[in-house]
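Only this structure's heavy atoms are used, side chains among them; waters, hydrogens and symmetry mates stay out. The chain is numbered in sequence order, starting from 1. Please read all numbers here as calculations on a predicted model, not as lab measurements.
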Amino acid sequence: LVLFLHGAGERGSDNSKQLKHGMTELQAYTVSRKEPSIIVAPQCPEGKQWVDAPWGDLEHAMDKSPSESMALAMELLDSIVSERWVDGSRLYVTGLSMGGFGTWDIIQRRPRFFAAAIPICGGGDSGLAKKLSKMPIWVFHGDSDSTVKTKRSRDMVASIRAKGGNPIYTEYLDTKHNAWTPTYSDDKVFDWLFSQSK
């Protein structure tokens, strides 16, 4: 199972806009590689966020409780997993921008739940890095991102490494706030993701 968390521009209630980035590539990959998968792509309502934190800040502390949208996404995920439709050792999460924040948030809340994570141009609570020291994580960001500062990903990676973890970090040169297009267009990223197992 892959949980996909979209960015701010795809919020709404049409149950369609959230498929704008990454979904075509992910679906094409699973079909071409004959990788049977369930992709869960909930849509965050207008005015809501996966994480109730300002995207432009250089840091934030994780709230004790998840945002309303994240809580609903987690409830949906639990419902699917409880039906035993999926391999519980191969649960993955990825997200971009606002969804990159969401990816960091959900793996810090559930560090033993997912087999691997791919947060793209997001940010998490670097004070909770120890929780992620054993999780396979591949982080992506553009070096010239002014919407979500590149420092957010750099800080998370450095903090996890300081706690004994080994996240992979890819920073695209001359790239602003669109690290997701090259990431989701690279089959090697999905090769890595689907190779991970708890």
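Side-chain contact between Q49 and S69 is absent, with no heavy-atom pair separated by less than 4.5 Å. A 4.5 Å side-chain heavy-atom check between V40 and V2 finds every atom pair outside the cut-off.
A donor-acceptor pair under 3.5 Å is formed between the side chain of K149 and the backbone N or O of S146. Distance alone, capped at 3.5 Å, places no donor-acceptor pair between the S79 side chain and the E75 backbone. Looking only at distances, a side-chain donor or acceptor of D14 sits under 3.5 Å from a matching main-chain atom of K17. One N or O on the side chain of Q18 and one on the backbone of A41 form a donor-acceptor pair closer than 3.5 Å. The main-chain N or O of I107 is never found under 3.5 Å from a side-chain atom of R110 such that the two would form a donor-acceptor pair. Between the side chain of Q196 and the backbone N or O of L193, no donor-acceptor pair lies under 3.5 Å. Side-chain atoms of Q43 come within 3.5 Å of backbone atoms of E10 as a donor-acceptor pair (strictly under, hydrogens ignored). One N or O on the side chain of D145 and one on the backbone of V148 form a donor-acceptor pair closer than 3.5 Å. Side chain of D143 to main chain of D174: a donor-acceptor pair is present (N/O by atom type, distance under 3.5 Å, no hydrogens or angles). Under a 3.5 Å cut-off, the side chain of S153 and the backbone N or O of T150 do not form any donor-acceptor pair.
Distance check, rounded to the nearest 0.5 Å: OG of S185 to CD of E25 gives 5.0 Å. The CD1 atom of I39 sits 9.0 Å away from atom CG of L1, with the distance rounded to the nearest 0.5 Å. Here CG of L132 is found 11.5 Å from NZ of K134. Values are rounded to the nearest 0.5 Å. Between the CG atom of D63 and the NE2 atom of H60 there is a distance of 7.5 Å, given to the nearest 0.5 Å. Interatomic distance, CZ of F4 versus CG of L96, reported as 4.5 Å (0.5 Å rounding). Of the inter-residue distances, the one linking M74 atom CE with I106 atom CD1 reads 5.0 Å to the nearest 0.5 angstrom.
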request  = Could you walk me through whether I80 and W85 pass side-chain contact (heavy atoms from CB on, under 4.5 Å), step by step?
outcome  = CA-CA 7 Å; I80 294 169; W85 297 338; 3.9 Å; yes
D87 vs S89, side-chain hydrogen bond (donor to acceptor under 3.5 Å, both in side chains): CA-CA, chis, key distance, verdict = CA-CA 5 Å; D87 182 349; S89 68; 2.7 Å; yes
task = Walk me through it: do V86 and V81 pass the test side-chain contact (heavy atoms from CB on, under 4.5 Å)?
result = CA-CA 6 Å; V86 296; V81 172; 4.2 Å; yes
message = side-chain contact (heavy atoms from CB on, under 4.5 Å) for F140 and E171? Distances and angles first, verdict last.
response = CA-CA 6 Å; F140 294 86; E171 187 171 300; over 6 Å; no
task = Show the numbers, then the answer: is there a side-chain contact (heavy atoms from CB on, under 4.5 Å) between D52 and F101?
result = CA-CA 9 Å; D52 291 329; F101 280 85; over 6 Å; no
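Between the side chains of Y172 and S144, no donor N or O sits under 3.5 Å from an acceptor N or O. In the model, N178 has a side-chain atom that pairs as donor or acceptor with a side-chain atom of W180 under 3.5 Å.
Taking the charged nitrogens against the carboxylate oxygens, E59 and R152 have no contact shorter than 4.0 Å, which rules out a salt bridge. Salt-bridge annotation for R109 and D105: present, with a side-chain N of the basic residue lying under 4.0 Å from a carboxylate O of the acidic one. Ion pairing of D187 with R33 is present here, as a side-chain N (NZ or NE/NH1/NH2) and a carboxylate O approach within less than 4.0 Å.
Residues L77 and F114 come closest through the heavy atom pair CD2-CZ, 3.7 Å. Taking each heavy atom of A179 and G142 in turn, the nearest pair found is CB-N, 3.8 Å. Between T30 and Q27, the closest heavy-atom pair is OG1-O, 2.9 Å.
N166 meets the side chain to side chain contact (heavy atoms under 4.5 Å, CB included) test with no other residue; sequence neighbours excluded. With sequence neighbours excluded, the residues satisfying ring-ring contact (aromatic ring centres under 6.0 Å, His included) with W50 are H6. Contacts of F190 classified as ring-ring contact (aromatic ring centres under 6.0 Å, His included), with partners at least two apart in sequence or in another chain: Y29. Residues passing the side chain to side chain contact (heavy atoms under 4.5 Å, CB included) test with E68, sequence neighbours excluded: K48, L72.
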Would you be so kind as to tabulate the donor-acceptor pairs closer than 3.5 Å made by side chains of residues 119-131, with sequence neighbours excluded?
residue : atom : partner : partner atom : Å
D125    : OD1  : G127    : N            : 2.9
D125    : OD2  : M62     : N            : 2.9
K131    : NZ   : Q108    : O            : 3.3

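Both Y169 and M135 are members of a single hydrophobic cluster when ILVMFWY side chains are connected at heavy-atom separations under 4.5 Å. No path of Ile, Leu, Val, Met, Phe, Trp and Tyr side chains, each step under 4.5 Å between heavy atoms, connects I38 with L26, placing them in separate hydrophobic clusters. Grouping the Ile, Leu, Val, Met, Phe, Trp and Tyr side chains by contacts below 4.5 angstrom, directly or via other members, places M156 with L5.
Listed by first then second residue, pairs satisfying side chain to side chain donor-acceptor pair (under 3.5 Å) with a partner in residues 92-102 read R90-Y92, T94-Y184, S97-H177, not counting sequence neighbours.
Around atom NZ of K176, no more than 12 heavy atoms belonging to other residues, nucleotides or ligands sit under 6.0 Å away.
Considering I168, I160, V93 in turn, I160 is the only one that fulfils the side-chain contact (heavy atoms from CB on, under 4.5 Å) rule with I137.
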